There are 2 protein chains.
Amino acid sequence: MAGQAQYEELARQLSAVGAVKRDLGRILPADCPAGSAAVLATLGRHGDMRMSKLAEILAVDMSVTSRHVAHAASRGWIDRLPDPADKRSRILHLTPAGLDRLGDLSRRTTRLLAERLSDWSDDEVGQLIHLMTRLRDSFGDCRSQTARACATTAGAETGSACAAAPVAEETTRTPADIRK
Amino acid sequence: MAGQAQYEELARQLSAVGAVKRDLGRILPADCPAGSAAVLATLGRHGDMRMSKLAEILAVDMSVTSRHVAHAASRGWIDRLPDPADKRSRILHLTPAGLDRLGDLSRRTTRLLAERLSDWSDDEVGQLIHLMTRLRDSFGDCRSQTARACATTAGAETGSACAAAPVAEETTRTPADIRK
DNA sequence: TATTGTTATACTCTATAACTATA
DNA sequence: TATAGTTATAGAGTATAACAATA
């Protein structure tokens, strides 16, 4: 465990990372906001999946995911195929145009990172990736009942710690109509 | 330097950190949004400073800073004292109430981090802090002409790399009225 | 004429709630 | 009755632009 001063500093640095994210966001093409870019990147990394699974990976409410996905679909970057096993479900699938777009996004991001981190060693970048991944895992990468599905579809995941601390709320779902 | 796959993974993890930030944001008191909390934390860490300096540290446009500061000031958490050296300027100063509030924020944040990172070693937390600080520095902690002031007021800063790559735009300032 | 700070406006991201169509 | 997904609405963060006061 760490001391209070360390936690405070970590909180500050987490807040400061926003500046980096904003910089990365500024190089995106005008018709592809960060939300859609995240959708494309996630599908590119983990393959086809359902809305709920995507919402879980992105750790945002499904309503948010739905909007980002709708935008990407309207541009023809992804298809929302029917799920033969459940007619309520939709299988998200990257189209060739989506792959193209994703390649473009990758090049832009890579170029900026390579420029900014030109004096970083391969090992340092690896360490940062490792620690950030661990951080996300510690903050409940696996929440609620859908947690089991974590390692199912995404085989080459990051080695998440699914048995960590219990998390109160459920992230990918909103309370639903509990009319008291 | 690192490879493209690493940069792509780093970009994904940077995006994913948003979930952690959102979790931290959820434990804030209702009258203190993240923007105001960042203002208080920065003043608590670096001491009194001007608007422009604060905007630079937060790496957001000064218009944004102005709004966050106005909110904090309206709650009595900070004073905007006149700058004897420049009547256009204002010196931001934490009030006793602001210090109280900051203490509260610190306790909330620390509690959550301590809970989530209970299985992290002191050293691991330190490494993450180190790498995130370095990341922010690499992304132009010091931009534009105000860069010189970086180490002036904040002595115990983080050892930023002020002589890094040249940055195109200026972050704490908007184009101003260039009526063509 | 340039700079400091403020304000108005617009856009993105997010969560909550209500709704549909299935299960 | 519960779940998958959609949509409407509201709140926060940010950037751009225009403005006021001062340098």
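The sequence lines fix the lettering, A, B, ..., with proteins before strands; numbering per chain opens at 1. Note that these values count all heavy atoms, side chains included, but never hydrogens, waters or copies made by symmetry. No experiment lies behind these values; they were computed from the predicted model shown.
- Salt-bridge annotation for A:Arg134 and A:Asp137: absent, with no side-chain N of the basic residue lying under 4.0 Å from a carboxylate O of the acidic one.
- Contact check, A:Ser52 against D:dG5: a side-chain N or O comes under 4.0 Å of OP1 or OP2.
- Put simply, CG on B:Asp86 is 12 Å from C1' on C:dA2, counting in whole angstrom units.
- Rounding to whole angstrom units, NZ of residue A:Lys21 and P of C:dT14 are separated by 7 Å.
- Closest to the A:Met62 side chain, of the nucleotides D:dG5, D:dA15, C:dT4, is D:dG5.
- Annotation: of the two residues near DNA chain D, A:Arg22 and A:Val64, the 5′-most nearest-nucleotide partner is A:Val64.
- Taking side-chain N and O atoms only, A:His68 has a distance below 4.0 Å to OP1 or OP2 of C:dT14.
- Look at B:Ser89 and you won't find any side-chain N or O under 4.0 angstrom from OP1 or OP2 of D:dT22.
- Along DNA chain C, the nucleotide nearest to A:Arg88 and the one nearest to B:Arg50 differ in position, and the one closer to the 5' end is contacted by B:Arg50.
- Rounded to whole Å, atom C1' of C:dT20 lies 15 Å from atom CE of A:Met51.
- Regarding A:Asp61, its CG atom lies at a distance of 10 Å from the P atom of C:dT14, rounded to whole Å.
- A donor and an acceptor atom, one from each side chain of A:Trp77 and A:Ser36, are nowhere located under 3.5 Å apart.
- The separation between B:Asp83 atom CG and C:dT3 atom C1' is 13 Å, rounded to whole Å.
- Between the side chain of A:Ser63 and the base of C:dT14, no donor-acceptor pair under 3.5 Å is found.
- Legend: residues meeting salt bridge (charged side-chain N to carboxylate O under 4.0 Å, His left out) with B:Asp31, ordered by chain and number and at least two apart, are B:Arg75, B:Arg101.
- B:Ser63 and B:Asp61 form a side-chain donor-acceptor contact under 3.5 Å, judged by distance and modelled atom types alone.
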**OP:** Show your reasoning for whether side-chain contact (heavy atoms from CB on, under 4.5 Å) applies to A:Val17 and B:Phe139.
**Re:** CA-CA 10 Å; A:Val17 163; B:Phe139 263 78; over 6 Å; no
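- Straight-line distance from the CD1 atom of B:Ile78 to the P atom of C:dG5: 12 Å, rounded to whole Å.
- Whole-Å rounding puts the A:Glu56 CD to D:dA4 P distance at 11 Å.
- OP1 and OP2 of D:dT7 both lie 4.0 Å or more from every side-chain N or O belonging to A:Ser66.
- A close approach under 4.0 Å does occur between a side-chain nitrogen or oxygen of A:Arg80 and OP1 or OP2 of D:dT6.
- A residue-by-residue look at B:Arg90 and A:Ala34 shows that B:Arg90 has its nearest nucleotide of DNA chain C further toward the 5' end.
- Following rounding to the nearest Å, B:Arg26 (CZ) and D:dG11 (C1') show an atom-to-atom distance of 14 Å.
- Within the structure, every side-chain polar atom (N or O) of B:Arg67 is placed at least 4.0 Å from both OP1 and OP2 of D:dA15.
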